[in-house]
Amino acid sequence: MNTDRKIMKVGDLFAGVGGFSLGFIREGCSLSWAVEWDKTCQKVLRHQHPETKVFGDITKVDPLQLDDVDIIIGGSPCQDLSVAGKRKGLEGERSGLFHEFIRLVRAKQPAWVVWEDVPGALSSNGGRDFAVVLGEMADSGYPDIAYRVLDARHFGVLYRDWE
């Protein structure tokens, strides 16, 4: 067994209760910090990860408060990108918070960035919003971008009737 493997540090933006970061933790990463505005979600994060720094409103987070990490992950709000929403795109109040994601990525410059959102991000504003996402990533120092639409049912996530 190789014990020299580096433990990668993760920062989670729009963390919710930590579901996205849980996958990274299960693969051997450590969660250094999480940013989540919802107070109930913050309580869950603090309970599940007492050693992790938890921050509130992303618009008020100073990047100097955040430890350096190897990976920044996050799923900015999807409501304005979703085909089920009003399709305001990145100009919308919620999905426009993607720009806060990029602000912190630019400031911290981790080795890896993983952004998660709904498939509607690809078609929002005729694809122009996704072009903005790709451009912002490239301008932030991440020109080698790969993206996929993944259907959760093919990865062990099943719908269950809880009634």
Side-chain angles (χ1 to χ4, degrees), residues 8-29 31-38 40-42 44-45 48-49 54-59 61 66 69-163:
M8 296 182 81
K9 296 178 184 176
V10 175
D12 191 353
L13 301 174
F14 310 103
V17 296
F20 196 20
S21 56
L22 181 60
F24 287 83
I25 292 166
R26 287 184 174 172
E27 289 302 315
C29 297
L31 183 61
S32 294
W33 46 261
V35 177
E36 173 55 48
W37 71 274
D38 184 275
T40 302
C41 292
Q42 289 175 10
V44 172
L45 288 165
Q48 295 293 339
H49 309 285
V54 178
F55 300 89
D57 184 348
I58 192 168
T59 65
V61 172
L66 305 175
V69 292
D70 301 294
I71 310 167
I72 290 181
I73 64 173
S76 51
C78 67
Q79 292 89 338
D80 301 310
L81 297 171
S82 173
V83 295
K86 295 183 180 174
R87 303 290 277 175
K88 293 180 181 177
L90 293 178
E91 296 300 317
E93 182 178 343
R94 295 185 210 168
S95 295
L97 289 171
F98 164 78
H99 298 290
E100 293 295 324
F101 177 91
I102 285 295
R103 176 181 68 88
L104 295 175
V105 164
R106 283 185 172 147
K108 300 312 295 180
Q109 288 294 298
W112 298 90
V113 176
V114 180
W115 179 68
E116 175 275 331
D117 217 297
V118 295
L122 299 172
S123 61
S124 178
N125 286 317
R128 290 183 297 281
D129 285 335
F130 194 62
V132 168
V133 169
L134 296 176
E136 291 286 348
M137 290 287 198
D139 291 347
S140 299
Y142 304 92
D144 299 321
I145 298 168
Y147 62 92
R148 303 284 183 279
V149 174
L150 303 175
D151 188 332
R153 68 182 166 176
H154 300 298
F155 296 90
V157 179
L158 302 173
Y159 169 78
R160 295 176 193 240
D161 185 358
W162 296 103
E163 296 181 339

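Index from 1, following the sequence.
Contact annotation: the side chain of His49 approaches that of Ile25 to within less than 4.5 Å [non-hydrogen atoms, C-beta and beyond]. Residues Val132 and His99 are in side-chain contact: their nearest non-hydrogen atoms beyond the backbone lie under 4.5 Å apart. Using a 4.5 Å heavy-atom cutoff, the side chains of Met137 and Ile102 are in contact.
At distances below 3.5 Å, at least one donor-acceptor pair connects side-chain atoms of Ser140 with backbone N or O atoms of Glu136. Of the possible donor and acceptor atoms, none in the side chain of Gln79 sits under 3.5 Å from a partner among the backbone N and O of Lys86. Side-chain N or O atoms of Asp80 include one that pairs as donor or acceptor with a backbone N or O of Arg94 at under 3.5 Å. For Gln42 (side chain) and Glu36 (main-chain N/O), a donor-acceptor pair under 3.5 Å exists by modelled atom type.
Around the CD atom of Gln109, the shell of radius 6.0 Å holds more than 12 heavy atoms that belong to other residues, nucleotides or ligands. Counting heavy atoms of neighbouring residues, nucleotides and ligands inside a 6.0 Å radius, atom NZ of Lys9 does not exceed 12 of them. Around CZ of Arg87, the count of heavy atoms belonging to other residues, nucleotides or ligands within 6.0 Å exceeds 12.
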Full working for side-chain contact (heavy atoms from CB on, under 4.5 Å) between Phe101 and Ile72: CA-CA 9 Å; Phe101 177 91; Ile72 290 181; 4.3 Å; yes
Worked verdict on Phe98 versus Trp115 for side-chain contact (heavy atoms from CB on, under 4.5 Å): CA-CA 9 Å; Phe98 164 78; Trp115 179 68; 3.5 Å; yes
Test log, rule side-chain contact (heavy atoms from CB on, under 4.5 Å), inputs Ile73 and Asp12: CA-CA 5 Å; Ile73 64 173; Asp12 191 353; 3.6 Å; yes
Chi angles and distances behind the side-chain contact (heavy atoms from CB on, under 4.5 Å) call for Leu81, Leu122: CA-CA 9 Å; Leu81 297 171; Leu122 299 172; over 6 Å; no
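Contact record, Tyr142 with Ile145: O-CG1, 3.2 Å, taken as the closest heavy-atom pair. Among all heavy-atom pairs drawn from Val133 and Leu90, the shortest one is CG2-CD1, 4.1 Å. Taking each heavy atom of Gly16 and Cys41 in turn, the nearest pair found is O-CB, 3.3 Å. The shortest non-hydrogen separation linking Ser95 to Gly89 is CB-O, 3.6 Å. Between Asp117 and Ser76, the closest heavy-atom pair is OD2-O, 2.9 Å. Among all heavy-atom pairs drawn from Leu97 and Glu93, the shortest one is CG-O, 3.8 Å.
Distance CG/Leu134 to CG/Asp139: 11.0 Å, rounded to 0.5 Å.
For Asp144, there are no salt bridge (charged side-chain N to carboxylate O under 4.0 Å, His left out) partners two or more places apart in sequence or in a different chain.
In summary, Glu100 and Arg103 engage in a salt bridge, as defined by a charged side-chain N under 4.0 Å from a carboxylate O.
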